[in-house]
A.B. asks: 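Structure incoming, see below.
The model shown is predicted, which means the values in this text are computed figures rather than measured ones. Heavy atoms only: backbone and side chains are in, while hydrogens, waters and symmetry mates are out.
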Amino acid sequence: MVAESGNAQGSFEEIRRSAELGDSDARHQLGEMYAVGRGVPKDYVQAYLWMTLAASETDNFSILAERERIANQMTLDQIVQARKMVMNWKSPQS
């Protein structure tokens, strides 16, 4: 896994760039990073966003299950905020 290499910040930037360009694996990985705070501050809203975007690109129901585990740790306001972010998502390339 790239995020476990010696340069966590560089890895984060590479993963984020790939995620923003639509790579579903990178989106999933970024969601996991935010969910547990690996290389970035823990942020359930960002985790939910990236897991939702990853799931929208695949038929991988385990990603949706991960997202639901994250949602169970969020407040209602956080879920609403994350869903708004998903609805308003535009790739930087759009």
Side-chain angles (χ1 to χ4, degrees):
M1 177 182 265
V2 178
E4 293 174 359
S5 68
N7 184 355
Q9 187 60 36
S11 298
F12 169 77
E13 294 302 328
E14 290 173 31
I15 293 166
R16 181 160 186 118
R17 188 171 28 257
S18 293
E20 288 175 344
L21 293 174
D23 182 301
S24 63
D25 290 333
R27 287 175 170 183
H28 181 214
Q29 189 173 5
L30 194 56
E32 288 178 333
M33 291 172 73
Y34 277 114
V36 297
R38 185 178 62 241
V40 295
K42 187 182 289 188
D43 186 331
Y44 292 133
V45 172
Q46 287 292 317
Y48 188 100
L49 166 69
W50 291 109
M51 289 290 186
T52 302
L53 294 173
S56 73
E57 299 292 322
T58 68
D59 291 331
N60 187 336
F61 294 107
S62 66
I63 295 174
L64 289 174
E66 285 181 68
R67 185 194 67 186
E68 291 312 305
R69 283 192 293 277
I70 293 165
N72 288 334
Q73 299 182 51
M74 298 169 70
T75 66
L76 181 58
D77 287 342
Q78 288 174 315
I79 293 171
V80 169
Q81 178 186 2
R83 287 181 178 171
K84 283 181 183 176
M85 290 172 67
V86 169
M87 290 175 55
N88 294 322
W89 171 256
K90 288 188 173 88
S91 170
Q93 301 300 314
S94 329

A.B. asks: Looking at side-chain heavy atoms only, is the closest gap between Trp50 and Gln29 below 4.5 Å?
C.D. replies: no
A.B. asks: Taking only residues two or more places apart in sequence, or in another chain, which ones meet Gln81 in a side-chain contact (heavy atoms from CB on, under 4.5 Å)?
C.D. replies: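 With neighbours one apart ignored, the set is Val45, Met85.
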A.B. asks: Between Gly22 and Arg27, what is the shortest heavy-atom contact and its length?
C.D. replies: CA-NH2, 3.5 Å
A.B. asks: For Arg67, check salt bridge (Lys or Arg N to Asp or Glu O under 4.0 Å) against everything at least two apart and list the hits.
C.D. replies: none
A.B. asks: Looking at CD of Glu66 and CD of Glu32, how far apart are the two atoms once the value is rounded to the nearest 0.5 Å?
C.D. replies: 5.0 Å
A.B. asks: Go through the steps for Leu64 and Glu68 under the test side chain to side chain contact (heavy atoms under 4.5 Å, CB included), then give the verdict.
C.D. replies: CA-CA 6 Å; Leu64 289 174; Glu68 291 312 305; 5.6 Å; no
A.B. asks: Measure the CD1-CD distance between Ile79 and Gln73 for me, rounded to the nearest 0.5 Å.
C.D. replies: 11.0 Å
A.B. asks: If you round to the nearest 0.5 Å, how far is CG of Asn60 from OG of Ser24?
C.D. replies: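 Rounded to the nearest 0.5 Å, the OG-CG separation comes to 8.5 Å.
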A.B. asks: Same cluster or not: Trp89 versus Tyr34, using hydrophobic residues (I, L, V, M, F, W, Y) connected whenever any side-chain heavy atoms lie under 4.5 Å apart?
C.D. replies: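 Result: yes, single cluster for both.
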A.B. asks: Answer yes when Arg16 and Glu20 have at least one side-chain N-carboxylate O distance shorter than 4.0 Å, and no when they do not.
C.D. replies: yes
A.B. asks: Which residues pass the side-chain contact (heavy atoms from CB on, under 4.5 Å) test with Ala26, sequence neighbours left out?
C.D. replies: Ile15, Ser18, Ala19, Asp23
A.B. asks: Taking atom CZ of Arg38 and atom CG of Leu30, what is their separation to the nearest 0.5 Å?
C.D. replies: 10.0 Å
A.B. asks: On a heavy-atom basis, which atom in Gly31 and which in Met51 lie closest, and how many Å separate them?
C.D. replies: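 That closest heavy-atom pairing would be C-CE, 3.7 Å.
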A.B. asks: When rounded to the nearest 0.5 angstrom, what distance separates CD1 in Ile63 from CG in Asp25?
C.D. replies: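 Between Ile63 CD1 and Asp25 CG, I get 7.5 Å after rounding to 0.5 Å.
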A.B. asks: Taking all non-hydrogen atoms of both residues into account, name the closest pair between Lys42 and Ala35 and its distance.
C.D. replies: CG-O, 3.5 Å
A.B. asks: Return the minimal non-hydrogen interatomic distance between Ile70 and Tyr48, and the atom names on each side.
C.D. replies: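 What the structure gives for the nearest pair is CG2-N, 4.4 Å.
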A.B. asks: Rounded to the nearest 0.5 Å, how far apart are OH of Tyr44 and CD of Gln78?
C.D. replies: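 The distance works out to 9.0 Å.
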